[in-house]
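Every chain is numbered from 1, with letters handed out A, B, ... down the list of sequences.
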Amino acid sequence: MNYEPNEQGYWGEYGGRFVPETLVAPLDELTSGYFAVRDDPGFHAEFQDLLQNYVGRPSPLYYAKRLSETLGGAKIYLKREDLNHTGAHKINNCIGQILLARRMGKKRIIAETGAGQHGVATATVCALFGLECVVYMGTEDMRRQELNVFRMRLLGAEVRGVDSGSCTLKDAINEALRDWVTNVDTTYYLLGSALGPHPYPLMVRDFQSVIGREARDQIIEKEGRLPDVLVACVGGGSNSIGLFHPFLNDNVRMIGVEAGGRGETLGEHAARFMAAGRVGVLQGTKSYLLQDNDGQIALTHSVSAGLDYASIGPEHAYLHDMNRVEYASANDEDALAAFSTLSETEGIIPALESSHAVAHAIKIAPEMSANDIMIVNLSGRGDKDVNTVQEEFVKRNI
Amino acid sequence: MSRITERIIAAKRRGGAFIPFVSAGDPDMATSLSIVLKLAESGSDVIELGVPFSDPMADGPTIQRSSQRALDNGVTLKDVLDLPAEFRKQRDIPIVLFSYFNPILRFGIDEFATAAAASGVDGVLLTDVIEGEAAAISARFADDGIDLISLVAPTTTDERLAAICRNARGFIYAVSRAGVTGARETTSSAAEELVRRVRRFTDLPIAVGFGISTADQVSDVWKYADAAVVGSAIVAEIEKSVSPDDAVRRVEEFVNGLLPPVAKGVDEN
Ligand SMILES: Cc1ncc(COP(=O)(O)O)c(C=O)c1O
């Protein structure tokens, strides 16, 4: 199977385009712009060059020996997206999209951000190419990720606080869409996850698939075979789909880890595939969605801003229904514990988002044999989260 | 010809049709009904009722806040559907529900069509459902005698206009400019150009909306289109009100200032 969406951007019943009519023309322009470069060697050469020389790819596939031995089960490898320039996988997608925006002649770039990593990555590529950059960010996230707000400003971006709804990622996306609908002629919307209307979920997945392609080559080189299981955290779904996609036709188990937050009640977590998640339409795409009985979008909670979102990329909804990818959740406590464990056993401070994937690895590795190979996507580094974690530890008397 | 189409064409003969928009349940359901009845008395030809939604991405701050006020009061789609039924006991003006897709999807498209028809709803406009997605829904709504109203925008290509107009019912809602809802002092020249383009593909009446807030804008729109939609400017009056009675009075006063005398008091119903 090739796991391509149909021409309207649907994977099965998921995806598509649910937008105000004004956005159809710019989305069509974006789609044809993207398909024009998708198989263009010139574009890919430019993309690869920046990934190599600016981002620092390929990112290492690191054997976490002490962690593996401490857990006493599977051999755990970490795909080190945390070592990328700007500290997370988000930059891969930004490099791809900024090159596209340039080809499309767009001079003004807008983006939304949750944890601030996508905002920082967008501000970075805008600085690199001298383009105007406006980043929308929920005021709650600005509080949680103060350092990233300052980083974006240092990079010359304008950060606009959004204080509607839950003041988090979802609300930032609404505001970015409002900006785009108003400034369609001049503006390129650089969406940060495998979400939103067609062609974003496809395009972002393509750009992030560099993670899985590298990991596949690297594990074959190191171990002479494919891994048994892949684990990645799932916010909108970009780092996970980027790792998973090149393995979809292999006999490899895959687990996406959602944010279990602080409980199973609606509003206390961001686990779309738990009971409360029902199919719905939000921000341009049809997918699983945390909502109340009246179709209003539910508030979500996670200790990590980057996983705190009510919907999930449509390709994940499809892979879930096909039973090709399993979805689990890790709660705030598990993630905080994993944050400490990885810091102490490997000297690697993971992003709180990535800590959810690590938490799940910690849970399942001991049940596996020493011959089993697991790859965990370490989607980002935890520098941005140190203040939050300190606050959370103080609350818990740790 | 549907009731909506007939009504707008009749109004156009006298100059133009007036279509106000308010969010249902802002500030509460009872006041909303009084406001809508007052709008009917004050020269409205079709009334647009917004279904509150948590994430109104096509709306500017005024309607966002209004939607949120209704939600804060616990207003549900079921409550919204009760309003036309009450209204119908006193007035016969067509009602169009203006909604984002998710609340309808959650309610169930079939269940919604049946309930809306039973409540006396004439049309439904789904902000985030576009041509292609809309065809099946439009056919389903038509079974219950409900028009799915189509939106067109200045960015809509002629090719899409043709496709949209082929399946359109009721009237065509032309968005005056690229952007979100919100009052403006002037109407963009893009609106007139868009209406001219739409005319080539349909005989249905054309309404212009987004950013219309003054009497001058209304009469200007009537020169080249059949109907003018006024939303945020009315909603802003409700927002400023200090009591339910004050809200009704403010809306009445504002609309009286918006419409020329000929258009007023012609509600034959
Ligand atoms: C480090 C990191 N990992 C993961 C995510 C979640 O996003 P996605 O599911 O698109 O990878 C974010 C989002 O901000 C992030 O910053």
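- Heavy atoms closer than 4.5 Å to chain A are found nowhere in B/P61, neither backbone nor side chain.
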Item to complete: Apply the test side chain to side chain contact (heavy atoms under 4.5 Å, CB included) to residues B/F112 and B/L97: give CA-CA distance (whole Å), side-chain angles for both, the deciding distance (0.1 Å), then the verdict.
Response: CA-CA 11 Å; B/F112 170 77; B/L97 294 188; 4.0 Å; yes
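- At a 4.5 Å heavy-atom cutoff, B/L126 makes no contact with chain A through either its backbone or its side chain.
- Under 3.5 Å, the side chains of B/S138 and B/N167 contain no donor-acceptor pair of N or O atoms.
- Proximity to chain A is limited to the backbone of B/V75, based on heavy atoms less than 4.5 angstrom apart.
- A salt bridge links A/D141 to A/R144: one of the charged nitrogens lies within less than 4.0 Å of a carboxylate oxygen.
- Ranked by non-hydrogen atom pairs under 4.5 Å with chain A, the options B/T157, B/T156, B/V129, B/V152 are led by B/T156.
- For the pair A/E4 and A/R205, the salt-bridge criterion is met [side-chain N within less than 4.0 Å of a carboxylate O].
- By the 4.0 Å N-to-carboxylate-O rule, A/E29 lies close enough to A/K106 to be salt-bridged with it.
- Proximity to chain A (any heavy atom under 4.5 Å) is restricted, for B/L105, to the side chain, taken from C-beta onward.
- Looking at B/I104, neither its backbone nor its side chain comes within 4.5 Å of chain A, counting heavy atoms on both sides.
- Contact annotation for B/F101: only side-chain heavy atoms (C-beta onward) come within less than 4.5 Å of a heavy atom of chain A.
- You'll find the ring centres of A/Y318 and A/Y10 outside the 6.0 Å limit.
- Chain A forms the most heavy-atom pairs under 4.5 Å with one residue out of B/R160, B/Q68, B/R65, B/R177, and that residue is B/R160.
- Only the backbone of A/D292 comes within contact range of chain B, judged by heavy atoms closer than 4.5 Å.
- Aromatic ring orientation, A/Y327 versus A/H316: perpendicular (interplanar angle above 60°, classes split at 30° and 60°).
- Put simply, of A/V24, A/V184, A/L282, the one with the most heavy-atom pairs under 4.5 Å next to chain B is A/V24.
- When the candidates B/T76, B/V175, B/L151, B/L71 are compared by the number of heavy-atom contacts under 4.5 Å with chain A, B/T76 comes out ahead.
- Comparing A/R17, A/K286, A/E175 by how many heavy-atom pairs each has under 4.5 Å with chain B, the most go to A/R17.
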Practice prompt. Go through the steps for B/L33 and B/F87 under the test side chain to side chain contact (heavy atoms under 4.5 Å, CB included), then give the verdict.
Written response: CA-CA 7 Å; B/L33 177 62; B/F87 176 79; 4.1 Å; yes
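- A/I173 does not touch chain B: none of its heavy atoms, backbone or side chain, sits under 4.5 Å away.
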Worksheet entry | Steps toward ring pair (Phe, Tyr, Trp, His ring centres under 6.0 Å) verdict (B/Y100, A/F18) | CA-CA 10 Å; B/Y100 289 84; A/F18 296 85; over 10 Å; no
